[in-house]
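All residue numbers in this chain count up from 1 along the given sequence.
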Amino acid sequence: DDIAFHYADDVKFTKRGADKAAEIIAETIDMGDSEVLDRLSDVGFLAPFNKSIYGDAPEIVRELGTKVSPNDKITVDGKLIKLEETKRYVLLHKPAGYVCSLKDEKDRDVAADLLKPHFSERLYNVGRLDMFSAGLIIFTNDGDFAAKVSHPSSEIEKEYIVETSVMISEDLPKQFLKGIRIDGVFYKAQEAELLTKRKLRVVLIEGKNREIRRVFEHFEIGIKSLTRVRIGTIKNEELKPGEFRELSQAEITSLLEKQY
């Protein structure tokens, strides 16, 4: 089916065979005024047509990256898509066993589903926690906020508590602080402190995929639990697994401006 973008100035955007485009729209339609078209343009799925030249047989205009304005109308298969007016910033204590994804092909529990009964807006996770990890994660429908907070240049600290069933070697936090290369990937903690013989506090800035787990696997130490307890200035002081709260304006500002 065609994906059509109808503009207020009578310009039409269409792309036949747009399964990928539809997927991108599903992920980003509520994430910002222009992000949908930007992403479609980036991957080459958006070709603009000027309806005014040939009526219903529009002429191709080979200039990508066209922006939308608040007055423009966007339709998908003839259905009008409306941007959400209320921006949400929700802090969830994700329980272990939930995946951070909009949907899961393996039919596993999805963290976003914990919020759906409470918010009409479609919320997306900012960053990820792997399925077996627990702790704080932010959900939002504000694309600009998500992009800024999740970008490595933001350098927002994330703090974790790691518990094991065996003793943690003193060499692990020392090497983690110094930096260690595993399978060609360099991992380095901002802070790494032994709290007990079986508990380690770790602070990361960039946070590569499964970074803490890969470091522990390198030292052949199994992880009993891995919990994120802080994002920037935001700590978990009261939320139990599965509980959530909305961020205050001060907390939102602290993340955007790195006030800590």
Side-chain angles (χ1 to χ4, degrees), residues 90-115 124-139 149-152 154-245 255 260:
V90 181
L91 182 70
L92 170 71
H93 184 164
K94 184 187 88 67
Y98 285 73
V99 296
C100 291
S101 176
L102 293 181
K103 58 182 179 180
D104 185 69
E105 296 178 353
K106 299 180 180 179
D107 201 29
R108 295 172 295 186
D109 291 326
V110 176
D113 288 346
L114 296 171
L115 304 176
Y124 301 77
N125 48 283
V126 180
R128 292 177 180 269
L129 281 172
D130 69 57
M131 178 178 176
F132 300 105
S133 297
L136 302 182
I137 186 165
I138 296 170
F139 283 78
V149 171
S150 60
H151 196 277
S154 67
E155 297 187 338
I156 294 175
E157 291 184 352
K158 298 178 181 67
E159 183 175 335
Y160 303 81
I161 299 297
V162 187
E163 295 188 63
T164 68
S165 55
V166 298
M167 291 180 58
I168 301 172
S169 166
E170 293 183 359
D171 194 39
L172 190 155
K174 289 180 181 179
Q175 289 200 37
F176 206 173
L177 280 171
K178 183 179 179 181
I180 181 172
R181 189 171 296 278
I182 303 172
D183 295 332
V185 181
F186 187 71
Y187 301 108
K188 187 178 186 302
Q190 181 76 2
E191 299 178 30
E193 175 191 8
L194 273 173
L195 301 178
T196 70
K197 294 180 179 180
R198 292 181 173 84
K199 184 182 293 186
L200 182 72
R201 183 181 72 88
V202 178
V203 176
L204 302 178
I205 290 181
E206 184 176 354
K208 298 182 177 72
N209 182 39
R210 295 176 59 86
E211 178 166 353
I212 294 175
R213 292 189 183 276
R214 294 187 188 280
V215 171
F216 272 73
E217 288 170 2
H218 178 76
F219 285 89
E220 298 182 345
I221 299 175
I223 292 177
K224 183 179 179 181
S225 67
L226 173 55
T227 307
R228 182 190 286 165
V229 297
R230 177 171 65 88
I231 302 174
T233 60
I234 303 171
K235 299 180 180 180
N236 185 16
E237 298 177 346
E238 57 185 24
L239 294 179
K240 297 178 181 179
E243 294 183 342
F244 62 89
R245 67 173 176 84
L255 291 172
Y260 60 92

Under 3.5 Å, side chain of [X] to main-chain N/O of [Y], donor-acceptor pair present?
{"X": "Arg201", "Y": "Glu193", "value": "no"}
{"X": "Thr227", "Y": "Val229", "value": "no"}
{"X": "Lys94", "Y": "Ser133", "value": "yes"}
{"X": "Arg214", "Y": "Phe216", "value": "no"}
{"X": "Asn125", "Y": "Arg128", "value": "no"}

Atom pair [atom1]/[atom2] of [X] and [Y] - distance to nearest 0.5 Å:
{"X": "Arg210", "Y": "Leu226", "atom1": "CZ", "atom2": "CG", "result": "9.5 Å"}
{"X": "Glu155", "Y": "Gln190", "atom1": "CD", "atom2": "CD", "result": "8.5 Å"}
{"X": "His93", "Y": "Ile137", "atom1": "NE2", "atom2": "CD1", "result": "11.5 Å"}
{"X": "Ser150", "Y": "Leu255", "atom1": "OG", "atom2": "CG", "result": "11.5 Å"}
{"X": "Glu243", "Y": "Leu91", "atom1": "CD", "atom2": "CG", "result": "11.5 Å"}
{"X": "Ser154", "Y": "Glu206", "atom1": "OG", "atom2": "CD", "result": "10.0 Å"}

Side chains of [X] and [Y]: does their closest heavy-atom pair fall under 4.5 Å?
{"X": "Ile223", "Y": "Ile212", "answer": "yes"}
{"X": "Lys199", "Y": "Ile161", "answer": "yes"}
{"X": "Phe219", "Y": "Gln175", "answer": "yes"}
{"X": "Ile168", "Y": "Val162", "answer": "no"}
{"X": "Phe176", "Y": "Glu211", "answer": "yes"}

Going by an N to O cut-off under 4.0 Å, is there a salt bridge joining Glu163 and Lys224?
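Salt bridge: no.
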Considering all heavy atoms, the nearest [X]-[Y] contact:
{"X": "Leu92", "Y": "Gly242", "answer": "CD1-O, 3.9 Å"}
{"X": "Leu204", "Y": "Lys188", "answer": "CD2-O, 4.2 Å"}
{"X": "Ile205", "Y": "Glu157", "answer": "CG1-CG, 4.3 Å"}
{"X": "Phe132", "Y": "Asp130", "answer": "N-OD1, 2.9 Å"}
{"X": "Leu177", "Y": "Ala189", "answer": "CD2-O, 3.8 Å"}

Pairing donors with acceptors under 3.5 angstrom, does anything connect the side chains of Arg108 and Ser101?
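Absent: no donor and acceptor within the cut-off.
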Is the NZ atom of Lys208 crowded by more than 12 outside heavy atoms at less than 6.0 Å?
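Buried by this count: over 12 neighbours within 6.0 Å.
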Over 12 non-hydrogen atoms of neighbours within 6.0 angstrom of CG in Asp107:
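No, not enclosed.
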Please name all residues satisfying side chain to side chain contact (heavy atoms under 4.5 Å, CB included) with Asp109, sequence neighbours left out, ordered by chain then number.
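Result, side chain to side chain contact (heavy atoms under 4.5 Å, CB included) vs Asp109: Tyr98.
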